[in-house]
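Just so we're on the same page: letters track the sequence lines, and every chain starts at 1. The model shown is predicted, which means the values in this text are computed figures rather than measured ones.
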Amino acid sequence: MNKSFYVTTPIYYVNDRPHIGHAYSTVAADVLARYARLRGRPTRFLTGTDEHGQKIEDRAKELGKDPQAFVDEMSPPFRQAFEELDCSFDDYIRTTEPRHERKVADLWKILEARGDIYLGSYEGWYAVADEAYITELEYRDMSDEEKAKRKVERKQEESYFFRLSKYTQPLLDFYEKNPTFVQPEGRFNEVKAFVREGLQDLSISRTSFRWGIPVPGNDAHVIYVWLDALTNYISALGGPAAPGESELFDRFWAPNAEVVHIVGKDILRFHAVYWPAFLLSAGIAPPTQIWAHGWLTINGEKMSKRSGNFIPPGPLVEAFGADVLRYYLMREVGFGQDGDFAHRNLLARYNGELANGLGNLLNRMVRSIVRRSFGGLVPTPANREPEDEALIAAAQKAAQESARHLDAIAPHRSLDAVWELVAAANRYVDQTAPWALAKEGKTERLGQVAYTVLESLRWLSVLIAPFMPAKSVALRAQLGLGPLEPEEGRDAWPAAWGELTPGTPTAPGEPLFPRIDAKQEKALLARLGVGTAGAAAPGAPAKKSKQKSTNEPPKEGTIPFDRFLDVELKVGLILAAEAVPKSDKLVKLSVDLGEPGPRQILAGIRPHYAPEALVGQRVVVVANLAPRKIMGLTSEGMVLAASDTEHGLSVLSLDKAIAPGTRVS
RNA sequence: GGGCCCAUAGCUCAAUGGUUAGAGCCGCCGGCUCAUAACCGGCUCGUUCCUGGUUCGAGUCCAGGUGGGCCUACCA
């Protein structure tokens, strides 16, 4: 278990402000890092920002700023947000730092020396927002809104390519040998399926903008942002580097090190396919594991700036404290699954689990029982009764299980296991009824009972430490203990019962988690700008719903009327039709939509209709569909049709001569 | 079109092929009173999506179907 541990978050693109999703990834990585340190493992935790690319260049220009000045302004809020969240990163890398840029160039030269880089040219649809070309199909399947949002444009440029195709088989072999390389497993299946289809060479340079790392030996090109960005994971360690050249690289990117990249499911392919391919080419071992977590919705709705549920972590930290937010994020959502961030649920968990559960346990014992009966000193344990043994067993089980789940990167399960102990301890207090023992003057037994609970609390202070570092310190302070001080090589996870020293003065203090009553709750929610409508009821969290809220929340599976109106259906008169050469299905139609000129629309109806039979037909056309290019031809709309296996396909047509261009409703 | 994943209580989720399918939350009833209107106990709610199959035994394995999510592809 003394393998060194290197955990990373994605580096965050600075064309955005920090939000709860960034917080989620980073907190998860922090929990793993803090846990590893407690276990005595040499640990390194990296986060940072991704600062190159066209989007940044454009945005800076819009603002009339130098790109460097712009990113210098945008990066610190991330760092600050993570500091506020008590994230214990050892390094914060920015891709505009010289230490990084140098290493990206080094990696490029290595790939080039391997013969895996060549100069070619590339034409396709380019999504400026993603800094990536998208396939013809992706383009076609994308809504207009989406295209505008992602700034998709046609582009041709000279480009360097990485021989990704060469790595199809090596990657498949690598996956075979590393069956837990990608987690969760379902995501790994998707990755494998993608690679199995065969990989295309990857364009890894751009000439269309300047804000990037220049290609070594050809200043006309800058290096593709993903090659740039992914390299951060090693550049921050001083890699690529020959053995002995960089101590960090030797230590944390070594055969005996465990390297875990925490990523969002949206960037899995870059991490699970491109990144290991680059590394294989460079003769560097790929990471141990890529963990793809899911997305958070906010009170049941997709997070977006427009709908006002773009949640920055700052106000939440202010309202609840970093630890509570961290706890909620890690407790509520199964890691790897999508989940919902619901303010109501946060409050429910706060009161139910933190205040009533752990907070009250500490309070009833330290501030009341120990203070009154033992003058605030940790009592001396006496003979153990079976019920005491049961609680000790519960503590041991909680420690083992929570560790097991953290080892498996299942933080929510880990907390589940810890709260089993909280519940067991509260039950134990009820069963043993220390107040009755005090009344009966059974001091010895009372001492044993109190000690057992205090020692359980000490264990709990360690078990919660990865999740709630500040609360761990506060809890330990009340027990008369100093903060945990992890040391490499010393496993601090609780294992031995009875390390709490009798006679230690406890320090009863304010409640660890003061209960939030209904009135405060209302005020808090108002301050956070959360209405009652959007918040899920406790115990009945909203299932993720795609609807935007309107006056009356629409029923599941329905859309509001105005959404329907977004689709412009019109009567179209087919003026001409011909089969598209080299296509089995496509028919090229010329359709009158009552506009100055006819539209060219492609339809996959060849097997069911002879082209000439279509001429003169009045059909229903989606008139405001984004144009799509299919087999080199542009289609400016869509003809509605229905099909089943029995009858084949049937085009919707009108039985009266309604004028072309008439709106269908 | 191809593929992957999922479906268990009102909600969120557990259950190496092996008793009577569990836990938390919500709800109801009761107890206790050291404690933060906290804590503890009890109760209600299940055709484990459907139909078949394998097996001594299926929530679990297999086939098909239904519903949902996702990946992928020259279906608008």
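Across all non-hydrogen atoms, the minimal contact from A:Asn426 to A:Gly357 is ND2-O, 3.2 Å. In plain terms, the two heavy atoms of A:Thr180 and A:Phe188 that are nearest each other are N-CE2, 4.4 Å.
For A:Arg187 and B:G3, the CZ to P distance is 19 Å, given to the nearest whole Å. Atom pair A:Trp419:CH2 and B:A23:P shows a separation of 21 Å (rounding to whole Å applied). In this entry the distance linking CG of A:Asp338 with P of B:G69 reads 12 Å, nearest Å. Following rounding to the nearest Å, A:Glu387 (CD) and B:C40 (C1') show an atom-to-atom distance of 14 Å. Spacing between atom CG of A:Leu358 and atom P of B:A38 amounts to 16 Å, rounded to whole angstrom units. As a whole-Å value, the separation of A:Ile516 CD1 from B:A38 P is 13 Å. As a whole-Å value, the separation of A:Ile369 CD1 from B:U33 P is 13 Å. Between the CD atom of A:Glu190 and the P atom of B:C4 there is a distance of 11 Å, given to the nearest Å.
Heavy atoms of A:Pro514 sit under 4.0 angstrom from at least one base atom. No engagement by A:Arg196 is indicated, since no non-hydrogen atom pair under 4.0 Å with the nucleic acid exists. Backbone-only contact: A:Arg413 has heavy atoms under 4.0 Å from sugar-phosphate atoms and none from a base. Using a 4.0 Å heavy-atom cutoff across all strands shown, A:Asn356 reaches sugar-phosphate atoms only and no base atom. Counting any heavy atom pair closer than 4.0 Å across all strands shown, A:Leu512 reaches a base atom. The residue A:Asn189 sits close only to the backbone: its heavy atoms come under 4.0 Å of sugar-phosphate atoms, none of a base. At the heavy-atom level, A:Asn360 lies under 4.0 Å from base atoms of the strands shown.
With A:Thr506 as the fixed residue, the side chain to side chain contact (heavy atoms under 4.5 Å, CB included) test singles out one of A:Leu457, A:Leu362, A:Leu479, A:Val378: A:Val378.
Put simply, the side chain of A:Asn363 never gets that close to the backbone of A:Gly359: no donor and acceptor are under 3.5 Å apart.
For B:C49, the paired nucleotide is B:G65, the pair qualifying as Watson-Crick or G-U wobble because both relevant distances are below 3.5 Å. In this structure B:G30 sits in a base pair with B:C40, meeting the Watson-Crick or G-U test at under 3.5 Å. Nucleotide B:G1 forms a pair with B:U72, judged by Watson-Crick or G-U wobble geometry with both contacts under 3.5 Å.
Of all nucleotides listed (B:C40, B:A38, B:A35), B:A38 comes nearest to the side chain of A:Arg515.
For A:Gln520, the CD atom counts as densely surrounded, since its 6.0 Å shell holds more than 12 non-hydrogen atoms of other residues, nucleotides or ligands.
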